[in-house]
Amino acid sequence: MKDVKDTLLDRRSVRRYEREPITDEQMALIYEAVRNTPTSYNGQQFSVIDITDQDVKEQLYDLTGQKQIKTCSHFLLFLIDYHKIALISEEKGIDIPGFNNTADGLIVGVVDATLAMMSALTMAESLGLGTCPIGYARTAAPEAVASLMKLPDKTFVVCGLALGVPREHPDLKPKQPVSLVIHKNNYRQDSDAMLDELKAYDETVSEYNRTREGAKTDNDWAGHIVSYYREAMNYRMLRALQRRGFDITR
């Protein structure tokens, strides 16, 4: 196994996988890492669907257009899940408030599911496996995915994670410098200096995209990310959340 430093600092998204399956022993360790995820109140407001059926993966690929879903060994879907606590509360006669209908309830579920995904990703990477988080699992076709996964009320897909034996070792993507990510005691107030650092980082990303191994692009950082935001303005996530039992009112 890789040590913690190499696992976290050498992480990269892998989109091409060998046909070799992940072993049951490896998946058992990933499951245990997920189970041990820290969650709000220890409420464990998440669940995971492990998808290995090739036909189901092909259907998810058709919905999302993400090829790594159909070629990976395991595709994990991480969900907000208030269904389980609702089940036992009803059984015990506990009057449960509509916490899932609040912004905080939504955030709690998203954070729990995201932490669980990072637990799975970190364990998988430490085992030498390739991983790729896939947000399109949430946004591309939320109602169709919910139907395919037979999701009960009060559950919602947060993100997917492709797992497999890696067939590639992509170049490590440049990240923002520590000075832009870590603020000391309060948020930085030197906007001019921050802008200079952001412009330098933007050029670093452009250079990476022009020279990286494999497919090359002319993408910068700022324009490329804003284009994702522009595309996301067409998503109707609030309506999708409401149909899954998350009618956010406060």
Side-chain angles (χ1 to χ4, degrees), residues 1-2 6-23 26-27 29-31 33-34 48-79 113-114 116-142 144-145 148-149 157-176 204-221 223-229 231-232 235:
M1 293 179 67
K2 297 180 185 177
D6 289 340
T7 296
L8 294 177
L9 300 188
D10 195 44
R11 188 214 65 80
R12 58 202 72 204
S13 292
V14 171
R15 293 174 172 82
R16 298 177 66 242
Y17 306 99
E18 303 288 356
R19 294 183 180 275
E20 178 185 349
I22 297 174
T23 67
Q26 289 173 321
M27 286 309 303
L29 287 171
I30 292 169
Y31 291 164
V34 168
V48 184
I49 300 177
D50 181 5
I51 302 162
T52 56
D53 186 296
Q54 190 60 34
D55 181 60
V56 177
K57 290 193 292 178
E58 295 275 354
Q59 292 180 66
L60 286 169
Y61 163 70
D62 290 340
L63 291 170
T64 64
Q66 300 294 297
K67 186 177 180 180
Q68 56 269 40
I69 293 177
K70 68 177 179 179
T71 60
C72 68
S73 178
H74 290 250
F75 184 60
L76 306 183
L77 275 178
F78 292 82
L79 319 173
T114 304
M117 185 188 73
M118 197 62 195
S119 295
L121 184 152
T122 303
M123 178 59 77
E125 293 277 344
S126 77
L127 296 170
L129 299 173
T131 68
C132 185
I134 301 177
Y136 275 123
R138 173 185 70 256
T139 57
V145 171
L148 180 62
M149 294 294 102
V157 173
V158 173
C159 195
L161 182 66
L163 302 175
V165 177
R167 184 181 288 184
E168 63 178 1
H169 190 69
D171 294 339
L172 195 63
K173 288 184 179 179
K175 303 295 185 180
Q176 293 178 17
T204 297
V205 173
S206 296
E207 178 66 14
Y208 165 82
N209 286 326
R210 288 192 296 265
T211 60
R212 67 184 180 182
E213 184 179 346
K216 297 172 176 57
T217 73
D218 294 324
N219 292 334
D220 61 355
W221 177 70
H224 192 53
I225 296 305
V226 170
S227 72
Y228 279 126
Y229 297 165
E231 176 186 345
Y235 301 153

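On a predicted model such as this, the values are computed, not experimentally measured, just so you know. We're numbering straight along the sequence, starting at 1.
A 6.0 Å sphere centred on NZ of K173 holds no more than 12 heavy atoms belonging to other residues, nucleotides or ligands. Few gaps surround NZ on K216; more than 12 heavy atoms of other groups in view lie less than 6.0 Å from it. Under a cut-off of 6.0 angstrom, the local environment of CD in E213 is sparse, with at most 12 non-hydrogen atoms contributed by other residues, nucleotides or ligands. Around CG of D55, the count of heavy atoms belonging to other residues, nucleotides or ligands within 6.0 Å exceeds 12.
In this structure, R138 contributes its side chain and V158 its backbone to a donor-acceptor pair below 3.5 Å. At distances below 3.5 Å, not a single donor-acceptor pair connects side-chain atoms of D171 with backbone N or O atoms of R212. With hydrogens and angles disregarded, a donor-acceptor distance shorter than 3.5 Å links the side chain of D220 to the backbone of H224. A donor-acceptor distance shorter than 3.5 angstrom exists from the side chain of Q54 to the backbone of K70, with no hydrogens or angles considered.
Side-chain contact check for T131 and E125: at least one donor-acceptor pair (N or O, by modelled atom type) lies under 3.5 Å. Counted by atom type alone, Q26 and T23 present one or more donor-acceptor pairs between their side chains at under 3.5 Å.
The side-chain heavy atoms of P170 and S13, taken from C-beta on, include no pair separated by under 4.5 Å. Looking at K67 and R16, their side chains never come closer than 4.5 Å, going by heavy atoms from C-beta outward. Proximity of Y228 to I225: side-chain heavy atoms (C-beta onward) are separated by under 4.5 Å at one or more points. No side-chain heavy atom of L79 sits under 4.5 Å from any side-chain heavy atom of V48. Counting only heavy atoms from C-beta outward, the side chains of S73 and I22 approach each other to under 4.5 Å. Within the 4.5 Å cutoff, no side-chain heavy atoms of V14 are placed close to those of L129.
Relative to the six-membered ring of F75, K57 misses at least one condition, a distance below 6.0 Å or an angle of at most 45° to the axis.
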Problem - Chi angles and distances behind the side chain to side chain contact (heavy atoms under 4.5 Å, CB included) call for H74, I51 - result: CA-CA 6 Å; H74 290 250; I51 302 162; over 6 Å; no

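Residues E18 and R167 are paired through a salt bridge, judged by an N-O separation under 4.0 Å between the basic side chain and the carboxylate.
Interatomic distance, OG1 of T217 versus CZ of R210, reported as 9.5 Å (0.5 Å rounding).
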